[in-house]
Participant: 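Take a look at the following structure, please.
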Amino acid sequence: MDSTQNIEKKWQKYWTDHHTFEAKIDYSKEKYYYLVEFPYPSGAGLHVGHVRSYTALDALARKKRMMGYNVLFPMGWDAFGAPAEQYAIKNHIHPSIAVKENIRTFKGQIEKLGISFDWSREFSTTDPEYYKWTQWQFLQFFKKGMAYKAKKNINWCPKCKTGLSNEDSSGGVCERCGSQVEQREKEQWMLRMSDYAESLIDGLKDTDFQERIKTAQINWIGKSVGAEVDFGLKQVDEKLTVYTTRPDTLYGVTFMVIAPEHPYIDLYSGLINNMNEIIDYRERANKKTEFERTQLVKDKTGVRIDGLTAVNPITGKEIPIYISDYVMMNYGTGAIMAVPAHDSRDYDFAKKFGIDIIPVLAPLYVSPETPPLEGKKNTERDTVIVVVKYEDKYLCVRYHKFNWQTFIMGGIEEEDDSVEGAARREVIEETGYTDIKNVELLSYVFQESFYAAHKDVNRLTTNRVLVVELGSLAKEEMTKEEQEIQEPVWVSKNELRDFLTFETHKKICDLLDNGEQAFVSDGTHINSDILNGLNKQDAIDTIIDYLEEKGIGHKKTNYKLQDWIFTRQRFWGEPIPLIYCEECGWVPVPEEDLPVLLPNVAEYEPTDDGESPLARISEFVNTTCPHCGKPAKRETDTMPNWAGSSWYWLRYMDPHNEKEFVSAEALKYWGKVDWYNGGMEHATRHLLYARFWNQFLYKEGLVPNSEPFKVRAAHGMILGEGGVKMSKSLGNVINPDDIVSTHGADTLRTYEMFIGDYEKEATWSEQGLIGCRRFLDKVIRFGEKVVKSDSYSSEIEKDIHRTIKKVTEDMDALKFNTAVSALMILLNKMEKLESITSKDYRAYLMLLNPIAPHITEELNEMYELGTPLCESSWPTYEESMLVDEEKEIAVQVNGKVRATISVRADDNDEQIEEKAMASLNVQKHIEGKTIVKVIVIKGKIVNIVVR
RNA sequence: GCGGGUAUGGCGGAAUUGGCAGACGCACUAGACUUAGGAUCUAGCGCCGCAAGGCUUGCAGGUUCAACUCCUGUUACCCGCACCA
């Protein structure tokens, strides 16, 4: 047999010469569209991670073709971007030259793997024939008012010297180079992506994306439903509008916070007495790095605005206003109403600045010890629970009558001047201790519903918790009456939880252990006038109705998703096809003048002043207005990287069309991408941009589907040996070329399919690779055992049918690892036979062909088994061949396997039971015991329950 | 903090969706053969135990004749988002 390399080359040439994998322009056949994300052709070359996803989809595509589909499985290059430009800056070579070089390398590597891409449809985003249509589509956005220029504080990377979208600067770090991102004010072209926020969530319904991808998108879009509420200002006749998701807590607002950049600060600077302090804070906040902002989440900072006071619109209460950097200007209204009792951030702030905390929502517990009784009268009471502390012990009480052990409890009586007063009274009455040093009212309030045996009524108590500290153990004698009711007990902190009778009181231990926190879950409203007694959702609905009726607020939905910053101040991108004319404003370049070509220049460096390098090229910049013919200037910013990848799957359908971006006919036939594979890192950015772009085109009637992709699957990463990320610095990068030349493409492909769950990350193992090599070698050796026959060997006929079913189904479910495993199992079975038939062997090679296409074609030809596999039909199985007449099943006694018996398909339950009972080991284990029950599950198991 | 996910031998990983846990591969052990190779073949290989047998799917409970699988609680790790009101 020829060398692996020669065999692989031979078949690769065969496929090219015969145009085997080119999608047919035959719109009568059933279509299937597989797409892998086209790569950025970097200088580093192909990664084994690319091999994993390309092979997986290649296998699926090959199989689908053998099943008779017209398969589109294209490949191209996403070649605009920084690395090529960096290379150009360094070496003074036009980026297009470096890109061509890299594409050649990539393509050569992919071809060596035998991936069945349709190369006749290949293109690069940097081809003028392609970016002509990217520009054309941008103009459609522009003409519909979907592109606008705005002076915005944008994310600016000082190293790349360009603006970045929010998506590209998440975490405050430049996605490309890792530099700290700064804020800079600059005019930018924006696409109104936020208009599509709802539609982008909604459209997910029409897709079969993996759940994790859907979630990632939904989180990114960040929808929240709440209300805008207008607070009054005391000093001026003006409103301060806030956005909140919790309008139900309006009665618990104790302060307001506005973002440091909020316009009111400058607007009302005349009224503000501490303007210097505020300006100083604003400057410090602006300088904070993202690191500082995220690391110091708990440690809130801010300044009170002296001279401006807000007025709660429903209580009329005056409340202070602060500025703080925990409120962002770019979300909501840049101002919030703060409810410290029910929001953890507001809570932290209130604690630090000593602001009141008013609880308006209390959890409701139904006592498990003494649940309310039906038919009993209901009474409500306000009570206090007093936690008395002295040194590290807690003073509790044992109530004799009901054998309750808990904290001091008592109702609030009319004579009490305050909650604190009630607490003092109860401590003295129930325990006699008098030296009360300190009383602290916790903001935690809870309600409890129970049967109060001593009064024979159902009680709903609203409980406040006080922590009382004793200064000494000074004590006065308790009355005899009181002594009979209860006795005081000192309990140490460790024993406290066990000592307490009531579950609800044990929750107080959590407060003592972990400190207080804002109560953010559901409960019943208290201290809230019209909302009292309602739960969270009912209260939200009620208050929104109320606000709308009174004209002080309305329901409002917000999204985190912002408009897409669509410009970069770089050279190596699609020029934005717009011209600025003093007379006519922004004018689109006429269609017949597209594409606006990137000029050939010597200087690619970006500039510190934030202008694109194109701005220095006067021949490029200076032009005439297409509208009035007067001198005008071109836009010199270029499009972001994501532009070219936002519609490329459409171009594959009709890649050489010079008149349209894609013909309606091709669009109609190819429709959606049926299966789109890509990395998890693109689950938000690329995928959202692409869906947005497509939805816009759909709205304009330019494409027939609003969603571009049916299935989106993501492959797991391949890690280096030891489970660490492959990286140049660790020196553990595996170059696919090396594996192909030492073991062959088929071995590499088989190994990457066998390595583990396709969706999970996997660790590279040289040993595992060799295992797959041995498997393929064994397949090759089997050729010598082949005898001519056009039927399957009877001994393994059923196994073959089963394996056909298993491989077919597993591959469709991306379970390549078990598909390979099934083929290994079948091979092990064949090994037991003296000879196998040519039909056995050909079926086997066909099943293996999608994963190891070269060697299987070669063996098929060598042993003259039939037409080339790539031109043959996928094998089918017969249902009737899947069942056994005779089967081994397990017999359990009390759930433990004690024997296996052989049963026939037509055995009835009695016969199976009889066989099970007859087994010696079963006899042994049921001897002397009573048989309670015998469970017979046909074809599966017998379980004998004995006592 | 919020959201998503994972946890099974020495390792990568299977388990028809509640029915013999550990398929398949790697590593390992013993033997055979030899053209001395990335060999190949045969047998063994979860843990404890000489064995009978017992134990075992992160941990603790529960439901069931039967749980890797369902329910409750809990721990650890990974990923995404993150002061989003």
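Quick note on labels: first sequence line is chain A, next is B, and so on, each numbered from 1.
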Participant: Identify whether any heavy atom of A/Arg802 sits under 4.0 Å from a base atom; if not, whether one sits that close to sugar-phosphate; answer base, sugar-phosphate or nothing.
Facilitator: nothing
Participant: Given atom CD1 of A/Ile218 and atom C1' of B/C2, what is their separation to the nearest angstrom?
Facilitator: 15 Å
Participant: How long is the gap from CD1 on A/Ile221 to CD1 on A/Ile218, to the nearest 0.5 Å?
Facilitator: 7.0 Å
Participant: Need the pair for B/G1. Rule: Watson-Crick or G-U wobble, both distances under 3.5 Å, any strand; none if unpaired.
Facilitator: B/C81
Participant: What interatomic distance, in whole Å, is found between P of B/U63 and the corresponding atom of B/A30?
Facilitator: 49 Å
Participant: Roughly how many Å apart are B/U64 and B/A14, using the P atom of each and rounding to a whole number?
Facilitator: 32 Å
Participant: Of A/Lys933 and A/His743, whose nearest nucleotide on RNA chain B comes first from the 5' end?
Facilitator: A/His743
Participant: From C-beta outward on A/Asn219, which listed nucleotide comes closest to its side chain: B/C41, B/G54, B/G80?
Facilitator: B/G80
Participant: Under 4.0 Å, heavy atoms only, any strand: does A/Glu831 hit a base, just the sugar-phosphate, or nothing?
Facilitator: sugar-phosphate
Participant: Taking NZ from A/Lys214 and C1' from B/G80, how many angstroms apart are they, rounded to a whole number?
Facilitator: 18 Å
Participant: Looking at every non-hydrogen atom in both residues, tell me the closest pair between A/Ile944 and A/Val922 and how far apart they are.
Facilitator: CD1-CG1, 3.6 Å
Participant: Under 4.0 angstrom, heavy atoms only, what part of the nucleic acid is A/Thr742 near: base, sugar-phosphate, or nothing?
Facilitator: base
Participant: I want to check one thing: is the phosphate of B/A85, taken as OP1 and OP2, less than 4.0 Å away from some side-chain N or O of A/Tyr243?
Facilitator: no
Participant: Give me syn or anti for B/U35, where syn covers glycosidic angles within 90 degrees of 0.
Facilitator: anti
Participant: Roughly how far apart, to the nearest Å, are B/C59 and B/A76 at atom P?
Facilitator: 15 Å
Participant: Find the distance A/Met717:CE to B/G80:P and express it as a whole number of Å.
Facilitator: 9 Å
Participant: With side chains defined as the heavy atoms from C-beta onward, is the minimum distance between A/Leu748 and A/Thr55 less than 4.5 Å?
Facilitator: no
Participant: Reckon A/Thr245 touches a base, only the sugar-phosphate, or nothing at all at heavy-atom distances under 4.0 Å?
Facilitator: sugar-phosphate
Participant: A/Ile718 has an atom CD1; how far is it from atom P of B/G12, in whole Å?
Facilitator: 15 Å
Participant: I'd like the P distance from B/A23 over to B/G46, given in whole Å.
Facilitator: 8 Å
Participant: Looking only at heavy atoms, which two atoms of A/Asn894 and A/Val946 are closest? And how far apart?
Facilitator: OD1-N, 2.9 Å
Participant: Compute the ring centroids of A/Trp220 and A/Tyr559, then answer whether they are less than 6.0 Å apart.
Facilitator: no
Participant: Is the NZ or CZ atom of A/Lys785 positioned over A/Phe782's six-membered ring, under 6.0 angstrom from the centre and within 45° of the axis?
Facilitator: yes
Participant: Using a 4.0 Å heavy-atom cut-off, does A/Gly771 contact any base of the nucleic acid, only the sugar-phosphate backbone, or nothing at all?
Facilitator: sugar-phosphate
Participant: Only pairs with both distances under 3.5 Å count, Watson-Crick or wobble alike; so what is the partner of B/C68 in this structure?
Facilitator: none
Participant: Taking syn as within 90° of 0 and anti otherwise, name the glycosidic form of B/G73.
Facilitator: anti
Participant: Does A/Lys300 qualify as a cation-pi partner of A/Tyr326, given the criterion of NZ or CZ under 6.0 Å from the six-membered ring centre and within 45 degrees of its axis?
Facilitator: yes
Participant: For residues A/His743 and A/Leu769, report the shortest heavy-atom separation together with the two atoms involved.
Facilitator: CD2-CD2, 3.5 Å
Participant: Between B/C65, B/C83, B/A85, which nucleotide has the shortest distance from any of its atoms to the side chain of A/Tyr326?
Facilitator: B/C83
Participant: Considering Watson-Crick and G-U wobble pairs with both distances under 3.5 Å, what does B/C26 pair with?
Facilitator: B/G10
Participant: Respond yes when some side-chain nitrogen or oxygen of A/Ser224 is under 4.0 Å from OP1 or OP2 of B/A85, and no when none is.
Facilitator: yes
Participant: To the nearest Å, give me how far apart CE (A/Met753) and C1' (B/G13) are.
Facilitator: 15 Å
Participant: Between P on B/U64 and CD1 on A/Ile944, what's the gap in Å once rounded to a whole number?
Facilitator: 21 Å
Participant: Look at the side chain of A/Asn817 and decide which nucleotide, out of B/A66, B/C26, B/A14, has an atom nearest to it.
Facilitator: B/A14
Participant: Among the candidates B/G25, B/G53, B/G19, find the nucleotide nearest to the side-chain atoms of A/Gln892.
Facilitator: B/G19
Participant: Work out how far the P atom of B/A66 is from that of B/C55, and round it to whole angstrom.
Facilitator: 14 Å
Participant: Say we look at B/G9 and B/G54: how far apart would their P atoms be, to the nearest angstrom?
Facilitator: 22 Å
Participant: I want to check one thing: is the phosphate of B/A27, taken as OP1 and OP2, less than 4.0 Å away from some side-chain N or O of A/Arg774?
Facilitator: yes
Participant: Between A/Met329 (CE) and B/C83 (P), how many Å, whole number?
Facilitator: 17 Å
Participant: Rounded to whole angstrom, note down the C1' distance from B/C33 over to B/A52.
Facilitator: 39 Å
Participant: Are the aromatic ring centres of A/Phe775 and A/Phe754 under 6.0 angstrom apart?
Facilitator: no
Participant: Toward the 5' end of RNA chain B, which comes first, A/Tyr331 or A/Gln767, by nearest nucleotide?
Facilitator: A/Gln767
Participant: For the side chain of A/Arg781, starting at C-beta, report the closest nucleotide among B/G13, B/U40, B/A23.
Facilitator: B/U40
Participant: Specify the separation, in whole Å, of atom CD1 of A/Ile912 and atom P of B/G19.
Facilitator: 17 Å
Participant: Counting side-chain heavy atoms from C-beta on, which of B/C55, B/C20, B/A23 comes nearest to A/Ile825?
Facilitator: B/A23
Participant: Please determine, for the side chain of A/Lys896, which listed nucleotide (B/U40, B/C26, B/G54) has the closest atom?
Facilitator: B/G54
Participant: Assign A/Asn828 to base, sugar-phosphate, or nothing according to its heavy-atom contacts below 4.0 angstrom with the strands shown.
Facilitator: sugar-phosphate
Participant: Counting only Watson-Crick pairs (N1-N3 plus N6-O4 or O6-N4) and G-U wobbles (N1-O2, O6-N3), all under 3.5 Å, who is the partner of B/U40?
Facilitator: B/A32
Participant: Ignoring the backbone of A/Thr215, work out which of B/A14, B/C20, B/G4 is nearest its side chain.
Facilitator: B/G4
Participant: Apply side chain to side chain donor-acceptor pair (under 3.5 Å) to residues A/His715 and A/Glu759 and explain how you reach the verdict.
Facilitator: CA-CA 4 Å; A/His715 56 271; A/Glu759 288 170 21; over 6 Å; no
Participant: Using a 4.0 Å heavy-atom cut-off across all strands, classify A/Ile937 as base, sugar-phosphate, or nothing.
Facilitator: base
Participant: Between B/A85, B/C41, B/A21, which nucleotide gets closest to the side-chain atoms of A/Lys778?
Facilitator: B/C41
Participant: What distance, rounded to whole Å, do you find between the two C1' atoms, one in B/C45 and one in B/C26?
Facilitator: 13 Å
Participant: May I ask which nucleotide in the shown strands pairs with B/C45, Watson-Crick or G-U wobble, both distances under 3.5 Å?
Facilitator: none
Participant: Under 4.0 Å between a side-chain N/O of A/Lys815 and OP1 or OP2 of B/A15, yes or no?
Facilitator: yes
Participant: Measuring from the side chain of A/Lys924 (C-beta onward, heavy atoms only), which nucleotide among B/G19, B/A52, B/A85 has the closest atom?
Facilitator: B/A52
Participant: Hey, does A/Thr818 reach any base, or is it just sugar-phosphate, or nothing, if we go heavy atoms under 4.0 Å?
Facilitator: sugar-phosphate
Participant: Report yes or no: is there a donor-acceptor pair, N or O only, under 3.5 Å between the side chain of A/Lys300 and the base of B/C83?
Facilitator: yes
